[in-house]
Amino acid sequence: MTGLMNRWPTALALVSAAGGILVLVLLDRDAELFGPLVAMMAAIYLMAYAIGRPVSVWVALIVLSTLNSVFQVLDDRDALGVHPGVAMAIVLVLTWLWTVARRRYADSGTFSLQTLGMVGFGAVTLVAAAVEPRAAVALAGVGFLAHGAWDAYHYRVNKVVHRTYAEFCGVVDLVTGTALLVAAATS
């Protein structure tokens, strides 16, 4: 029973991924909904890194998920002015600037890696916002899978984010990324 209790991040991730797959099946807006999440995932890591407390990643998840939801609602009402992926990429850059303002660059190796993540995951999101929907869904799937590898690395080194979050996010990313690639291939 204790072993099962230690796997609560995986259980929570499977429930979350099931919700994501349900959205994927029920809505015809895969590219608009999932593309911005690639940049959001990088911003979550950057926010926790900027704060300097790995457990703050759970708060970052709530804050940035809420902000992404606001972007989606504004986009639905034609009130956002840009694609939600572009808006989330801007948030990602602003989070990086906040990290710099907090002088987190002193840990040059970790800062460089987080900067690389910002550039890579931000680029995936921006390209997904610019291409046709089927390609955007496939690109988001690749972005999710790449972020799953990012999670595995951070779980192993036990830096930047709390291990429970790296486990949770890694499972969500692998399941959702696979589902997005299947959706792109079958649409």
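All heavy atoms count here, side chains included; hydrogens, waters and symmetry mates do not.
There is a path of hydrophobic side-chain contacts, each under 4.5 Å, that joins Val57 to Val157. Hydrophobic cluster membership is shared by Val161 and Leu113, with clusters built from Ile, Leu, Val, Met, Phe, Trp and Tyr side chains linked at under 4.5 angstrom. Under the 4.5 Å side-chain contact rule for hydrophobic residues, Tyr153 and Ile44 share a cluster. Follow the hydrophobic side-chain contacts under 4.5 Å out from Trp8 and you never reach Val15; the two are in separate clusters. Both Val63 and Leu12 are part of a single hydrophobic cluster, where members link through side-chain heavy atoms under 4.5 Å apart.
Residues Ala42 and Gly117 approach most closely at CB-O, 4.2 Å, considering heavy atoms. Residues Ala166 and His154 approach most closely at CB-C, 4.4 Å, considering heavy atoms. Of all heavy-atom pairs spanning Gly52 and Arg104, the tightest one is CA-NH2, 3.8 Å. Nearest heavy-atom pair, Val131 versus Ala136, reported as atom, atom and distance to 0.1 Å: CG2-N, 3.5 Å. The nearest pair of heavy atoms linking Arg134 to Ala185 is NH2-O, 3.4 Å. Heavy atoms only, all atoms of each residue included: Pro36 and Met88 are closest at O-CG, 3.3 Å.
Interatomic distance, NE2 of His147 versus CG of Leu174, reported as 11.5 Å (0.5 Å rounding). To the nearest 0.5 Å, atoms CG (Leu94) and CD1 (Ile90) are separated by 7.5 Å. Note: Leu97 CG to Leu92 CG = 10.0 Å, rounded to the nearest 0.5 Å. Atom CG of Asp151 and atom CE of Met41 lie 7.5 Å apart (nearest 0.5 Å). Taking CG from Leu61 and CE from Met40, the interatomic distance works out to 6.0 Å, rounded to the nearest 0.5 Å. Rounded to the nearest 0.5 Å, atoms CZ (Phe121) and CG (Leu126) are 13.5 Å apart.
Checked by atom type and distance alone, the side chain of Tyr49 never pairs as donor or acceptor with a backbone atom of Gln114 at under 3.5 Å. Side chain of Thr125 to main chain of Gly35: a donor-acceptor pair is present (N/O by atom type, distance under 3.5 Å, no hydrogens or angles). Checked by atom type and distance alone, the side chain of Ser56 pairs as donor or acceptor with a backbone atom of Arg53 at under 3.5 Å.
Ring centers of His162 and Phe168: at least 6.0 Å apart, outside the cut-off. In this structure, Phe111 has its ring center under 6.0 Å from that of Trp96.
Side-chain contact check for Trp58 and Thr164: at least one donor-acceptor pair (N or O, by modelled atom type) lies under 3.5 Å. Remark: the Tyr165 side chain and the Arg163 side chain contain no N/O donor-acceptor pair separated by less than 3.5 Å.
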query = Does the side-chain contact (heavy atoms from CB on, under 4.5 Å) test come out yes or no for Val91 and Phe71, once each step is laid out?
reply = CA-CA 11 Å; Val91 169; Phe71 290 160; 3.7 Å; yes
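Put simply, the side chain of Leu64 does not reach to within 4.5 Å of the side chain of Asn68, judged on heavy atoms. At least one side-chain heavy atom of Phe144 sits less than 4.5 Å from a side-chain heavy atom of Leu37. Between Met118 and Thr99 there is no side-chain heavy-atom pair separated by less than 4.5 Å. Using a 4.5 Å heavy-atom threshold, the side chains of Val137 and Phe34 count as separate.
Other residues, nucleotides and ligands place more than 12 heavy atoms under 6.0 Å from the CZ atom of Arg102.
When each of Val38, Leu181, Val124 is tested with Val142 by the rule side-chain contact (heavy atoms from CB on, under 4.5 Å), just one qualifies, namely Leu181.
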